[in-house]
Amino acid sequence: MANQDDKFKKVIAHAKEYGYIFGSSEIYDGLSAVYDYGQNGVELKKNIRDYWWKSMVYMHQNIVGLDASIFMHPTTWKASGHVDAFSDPLIDNKDSKKRYRADVLVEDYAEKLNIKAEKEITKAKKRFGETFDEAQFKATNPRVVKYLTQKEEVLQRLAKSLGDENLADVKALIEELGIADPDTGSKNWTDVRQFNLMFGTKLGASAQTATDLYLRPETAQGIFVNFLNVQKTGRMKIPFGIAQTGKAFRNEIVARQFIFRMREFEQMEMQFFVRPGEEMKWYEYWKETRLKWHTSLGLGDENYRFHDHDKLAHYANAAADIEFNFPFGFKELEGIHSRTDFDLKAHEEFSGKKLQFFDPELKESYVPYVVETSLGLDRMFLAVFATALQEEQLEDGSSRVVLKLPAVVAPVKAAIFPLVKKDGLPEIAAQIVDTLKWKFNVVYDEKDAIGRRYRRQDANGTPFCITVDHDTITDQSVTIRDRDTMEQKRVPIASLATLIAEKTDAEHWLG
Ligand code: ATP
């Protein structure tokens, strides 16, 4: 645990030191769970967004984009169920005065049981070596069976009490399991109650005429209310999807994990409209397709896992999370939900407008079913950044801090250095910058010894360093150094754009 905390602290410190992420309004001591993206952060975030957009919109002929407003007619949120049901169960500790999500306290307890079982399995693996049969061990070892059964029982009881809105039982569960305040160890809890996560605001100049509005808590509803606009004007045929990225706001009860859980964040969502009855096929398709997108970035397949929901949201008939191994353990990164016709039907009912599709093959009109993929851009940023940050021991005994960002999303693709600040080398380096900048975000750096410049770019995640030296004047060649292998090659200036593109173009990652 101490190691995990240390690693997470390093991630946060590095993000600040290299201009990726700052606390919001820091000069006024910040604003809780709100963050600003600095000069490198904004590039990394944009590149992740573009990588998602390309794979969803450009790679699928039947998916188009949308940019709906943050403000929406307030009835939207009545229809969607958010006014009545978008809340989390909260619990306060009477001694520490700290507030927690009651469901998360129980889920964390269950995860600890899982970790205990995993430890037994790892130990046994070592002991038995080649002959180890993991499935059999899991099914028969009394300790592992005990931990995993208990974990299932805890999660099922939680799902049932939440499903029945039996908050007294959630509290009883916390007490029976002896769950203590993670910070202080106190078990002196208040009752559990629901807390609505939507931020309210007002539209209009005078207090009398102002309308109560909400800041959208998800981008999805902007897609649903535009379903017919896009379908008609784009002449879309089912199955088809609408993709959107944009800000969402939630007054989160607990937000202590940096950009993992923010009060203002960005989502990348896609709603896929399908024939009723075909939703499970598409649900499986999108689960697989989205996992492939994640693993294409090369952060390690072992860092992802699916978690099927026990407790389904009010709109869903199937739901799974893609969980990622963050510095604080496996947590939700993306949700894939089969939302049935819940949203479109509700909007039909509340607006009195038909939101249906005439299917020319079936010769009938129906309200389509929807499969949603919903990814938090900031969470994705954290997954990429935290995994990329590494400390490496080098052969010569020294060490380096390197940010091994997937080159396709790295903020700066190449740094160009003149070996010395004279003899015409800066001019040649500047010319290279001028040529490459049309295609890539590149920087020029002439300060400090070359080794230090390399280290600076390593820590910044720049995949390539290009050095202009005295030979360049005669042979029109430069040295290009690879961030990960630290290998240096002599290449003609004319080949640089192709070399960089080969490593940084989305085509080579997604294709
Ligand atoms: P959680 O259980 O972690 O609160 P959720 O199930 O409420 O998440 P969804 O409503 O499914 O999340 O939202 C889809 C995605 O949006 C999540 O998978 C996550 O990546 C992102 N997301 C949700 N809430 C936040 C937040 N407060 N800060 C950053 N990202 C968020």
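Every number for a ligand or one of its atoms is a count from 1 in the order of the listing.
For the salt bridge (charged side-chain N to carboxylate O under 4.0 Å, His left out) test, no residue two or more places apart in sequence or in another chain qualifies with Lys354. Qualifying side chain to side chain contact (heavy atoms under 4.5 Å, CB included) partners for Ala172, counting only residues two or more places apart in sequence or in other chains: Arg157, Asp169, Glu176.
Classification of the Tyr304-His294 ring pair by plane angle, with boundaries at 30° and 60°, yields tilted. Using a 30° and 60° split on the angle between ring planes, Trp293 and Tyr51 fall in the tilted class, from 30° to 60°. Ring geometry for His309 against His307 counts as tilted: the plane angle lies between 30° and 60°, on a 0 to 90° scale.
Taking the six-membered ring wherever Trp is involved, the centroid distance between the rings of Tyr35 and Phe258 falls below 6.0 Å.
Contacts with ligand 1 closer than 4.0 Å are made by no heavy atom of Asp88, backbone or side chain.
Taking all heavy atoms of Glu264, Glu323, Arg379, Glu332 into account, the minimum distance to atom 6 (O) of ligand 1 is reached by Glu332. Ranked by closest heavy atom to atom 11 (O) of ligand 1, the top entry among Glu334, His337, Lys331 is His337.
Among protein heavy atoms, the minimum distance from atom 20 (O) of ligand 1 is reached at Leu333 O, 2.7 Å. Distance from atom 14 (C) of ligand 1 to its nearest protein heavy atom, with residue and atom name: Ser374 OG, 2.9 Å. Scanning the protein for heavy atoms near atom 29 (C) of ligand 1, the closest one is Phe260 O, 3.3 Å. With respect to atom 22 (N) of ligand 1, the closest heavy atom belonging to the protein is Phe265 CE1, 3.5 Å. Arg261 NH1, 2.7 Å is the protein heavy atom nearest to atom 4 (O) of ligand 1. Regarding atom 16 (O) of ligand 1, its nearest protein heavy-atom neighbour is Gln267 NE2, 3.3 Å. In terms of protein heavy-atom proximity, atom 28 (N) of ligand 1 is nearest to Met262 N, 2.9 Å.
Residue-environment remark: CD (Glu118) exceeds the threshold of 12 foreign heavy atoms within 6.0 Å. The environment of Arg143 atom CZ is sparse: at most 12 non-hydrogen atoms of other residues, nucleotides or ligands sit within 6.0 angstrom. Open room surrounds CZ on Phe71; 12 or fewer heavy atoms of other groups in view lie less than 6.0 Å from it.
Within the 3.5 Å criterion, the main-chain N or O of Asp92 finds a donor-acceptor partner in the side chain of Thr190.
Ligand 1 does not have Glu269 within reach: every non-hydrogen atom of the residue lies 4.0 Å or more from it. A heavy-atom separation below 4.0 Å is found between Arg101 and ligand 1. Residue Asp378 places no heavy atom under 4.0 Å from ligand 1. For Arg250, the closest heavy-atom approach to ligand 1 falls below 4.0 Å.
Checked by distance only, ligand 1 and Gly376 come closer than 3.5 Å through their nitrogen or oxygen atoms. Residue-to-ligand polar distances keep Leu375 apart from ligand 1: every N/O pair is separated by 3.5 Å or more.
Per-residue contacts place Glu252 under 4.0 angstrom from the following atoms of ligand 1 (heavy atoms of the residue considered): 24 (N), 26 (C), 27 (N).
A heavy-atom distance below 4.5 Å is not found between the side chains of Tyr214 and Thr201.
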